[in-house]
Amino acid sequence: MIPRTAPLCWLSLAAGVLLLVSSIITLTTAAARVPVLEVIVAVVAVALIALAGVGLARPDLRGR
């Protein structure tokens with residue numbers, strides 16, 4: 001699940017941040033009802049950021 005190379009880790013990190021910012025903006029501007037899909041996207045974005053962070057911090061775990 002952790003990207004194999006450092007550039008892929010950086011790309012995953014950027015994608016996760018963009019997804020998280022997008023879902024936060026959507027959730028804050030939505031009406032009283034919370035879209036379930038946006039909550040799922042936010043959770044996936046946090047997981048993507050965490051995995052990319054682990055790949056950047058611990059190069060020996062990349063590709064696992």
Under 3.5 Å, side-chain donor or acceptor atoms of residues 2-12 against the rest of the protein: list the pairs with distances, not counting sequence neighbours.
from	atom 1	to	atom 2	distance (Å)
Thr5	OG1	Leu8	N	3.4
Ser12	OG	Leu8	O	3.0

Which donor-acceptor pairs under 3.5 Å do the side chains of residues 14-29 make with protein atoms, sequence neighbours left out?
from	atom 1	to	atom 2	distance (Å)
Ser23	OG	Leu19	O	3.2
Ser23	OG	Leu20	O	3.0
Thr26	OG1	Ser22	O	2.9
Thr28	OG1	Ile24	O	3.0
Thr28	OG1	Ile25	O	3.0
Thr29	OG1	Ile25	O	2.8
Thr29	OG1	Thr26	O	3.4

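Criterion: ILVMFWY side-chain heavy atoms under 4.5 Å apart, direct or through other members. Under it, Val54 and Leu51 are part of a common hydrophobic cluster.
Residues passing the salt bridge (charged side-chain N to carboxylate O under 4.0 Å, His left out) test with Arg58 are Asp60, sequence neighbours excluded.
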